[in-house]
Amino acid sequence: MSPLLSAYEAIAGSSALTQLRRLGEKLAGLRVVHVNSTREGGGVAEILEWMVPLMRDVGVDASWEVIHGTPRFFEITKAIHNGLQGKAVDLPKKDWRIYQDVNEENAQRLRPLLEEADIVIIHDPQPAHLLKLCPNRKGKWIWRAHIDISRPFRPVWKVLRTIVDKYDASIFSMTEFAQPLPHPQFLVPPSIDPLSEKNRELGPEEIAGARTEFGIDPERPLLVQVSRFDRFKDPIGVIQASRLVRKVIPVQLVLAGGGATDDPEGKAVLEDVMEAAEGAPDIHVLLLPSGAHTTINALQRMADIVLQKSTREGFGLTVTEGLWKGKPVIGGDVGGIRLQVVNYHTGFLVNTPEGAAHRIRYLLRHHDRAAEMGRIGREFVRENFLLTRHLRDYLTLILAIRSGREERVVFV
Ligand code: UDP
């Protein structure tokens, strides 16, 4: 077994690795191309960062391409993203035209590679139009939706649907997101890499160093939410919750985030967050540079509770990251967070700032319960949300698609 894969044996178990090796043997040399719209920032880039090298490691000829776009293109695709997550957005025909034109420019560069590939996996809506622009494609094309499209704003889905229904298959993170489409749909929840800089074990000095750097008082409890500054992550609701808790417990809050290159809205949201946090020295709003993985790791590890109070969430890798670090997670009762926060077991699901405040107070007063939830959460991630399971699902569904059988891959 290769050194890259075998490093996971102690964490994921040897039978998981044997399965991967066997699947890899069946797919050896297959050309698989992943395409998304950003090399860094956000969960998709986070996953592709490990997925592509590991696919290569088991013998698949995998590669990762990123489409380029103008600022206007990314404003439009952010509106498409928001629309798919249920927000009423205005997307006139001319915007869809820009969307298509930018895809066309990228197709000119990528067409030879994509048309030759055995499997093309297109992540999210930004590059989805590439399929129509590769008329001589040889392989199977899969659309991988990472976002919560359980209740899309219909006019946006109506247009996007005409694009994605030409694919050979699609992948969603959970059943609720699946849509009526004329091809097989697979269910594959995402995962984390336990050995990455973001998730590896840290020594006490590394955690203490970050604590000092950001002026966190070790004597008082700490809440941490890490996310892009995006309205669906509800950073304002998190600030409200911490202010409510602050009335009775001297809690500190870290809201840490940065931008993704395909997310132009971050600046405006950050300004609102700064305003909401004004005059509260215990609320630390951290604008992190890309690649601040060790810092995020340390912040999650120093937290008493990890929060992810989203109002829409495709999956929420930050939830997985928090659970893996043995923290109870209080998350919005939406999307993929529901797959991970098992209410009363690995954390609490909440719908309002008041609800979040209530659960935060409870966990800060019941340390044993919080620690127990953290322990259960870590094992839950080990069973379900590590990259070995994720890679197995991808390899299995590629096998299924190539053999033409309409099977669903369901995680267990
Ligand atoms: N992340 C990061 N820096 C930031 C904000 C987020 O590295 O400033 C990471 C975070 O740790 C997680 C991923 O980006 O690994 C976010 O994935 P998630 O599924 O939570 O949300 P998305 O951004 O994809 O909506």
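Counting convention: from 1, in listed order, for ligands and their atoms alike. For clarity, every value in this text was computed on a predicted model and none was experimentally measured.
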- request: Kindly assign one of parallel, tilted or perpendicular to the pair F73 and Y99, based on the angle between their ring planes and the thresholds 30° and 60°.
  value: parallel
field: With sequence neighbours excluded, residues passing salt bridge (Lys or Arg N to Asp or Glu O under 4.0 Å) with E49
entry: none
query: Does ligand 1 have any atom that is closer than 4.0 Å to a heavy atom of E40?
result: no
field: Worked verdict on H358 versus Y362 for ring-ring contact (aromatic ring centres under 6.0 Å, His included)
entry: CA-CA 6 Å; H358 175 67; Y362 173 84; 7.7 Å; no
- prompt: Does the N or O separation between T318 and ligand 1 drop below 3.5 Å for any pair?
  reply: yes
field: R39 charged N/C atom sitting above W64 aromatic ring, 6.0 Å / 45°
entry: yes
message: Is it the case that the side chains of N82 and E265 hold a donor-acceptor pair, with the cut-off being a distance below 3.5 Å and no angle test?
response: yes
With K166 via salt bridge (Lys or Arg N to Asp or Glu O under 4.0 Å) - residues at least two apart: none
query: Looking only at N/O atoms, are V44 and ligand 1 under 3.5 Å apart anywhere?
result: no
message: Minimum heavy-atom separation for A256 and L288, please, with both atom names.
response: CB-CD1, 3.8 Å
query: Which residue from I192, D124, L287, I296 reaches closest to atom 3 (N) of ligand 1 through any of its heavy atoms?
result: I296
- line: Looking at G335, A292, S227, the heavy atom closest to atom 5 (C) of ligand 1 belongs to S227
message: Using a 3.5 Å cut-off on N or O atoms only, is K233 in polar contact with ligand 1?
response: yes
Atoms of ligand 1, numbered as shown, that sit under 4.0 Å from any heavy atom of G316: 19 (O), 20 (O)
Under 3.5 Å: N/O of A256 near N/O of ligand 1: no
Option of least heavy-atom distance to atom 7 (O) of ligand 1 (set: Q225, H146, K198): K198
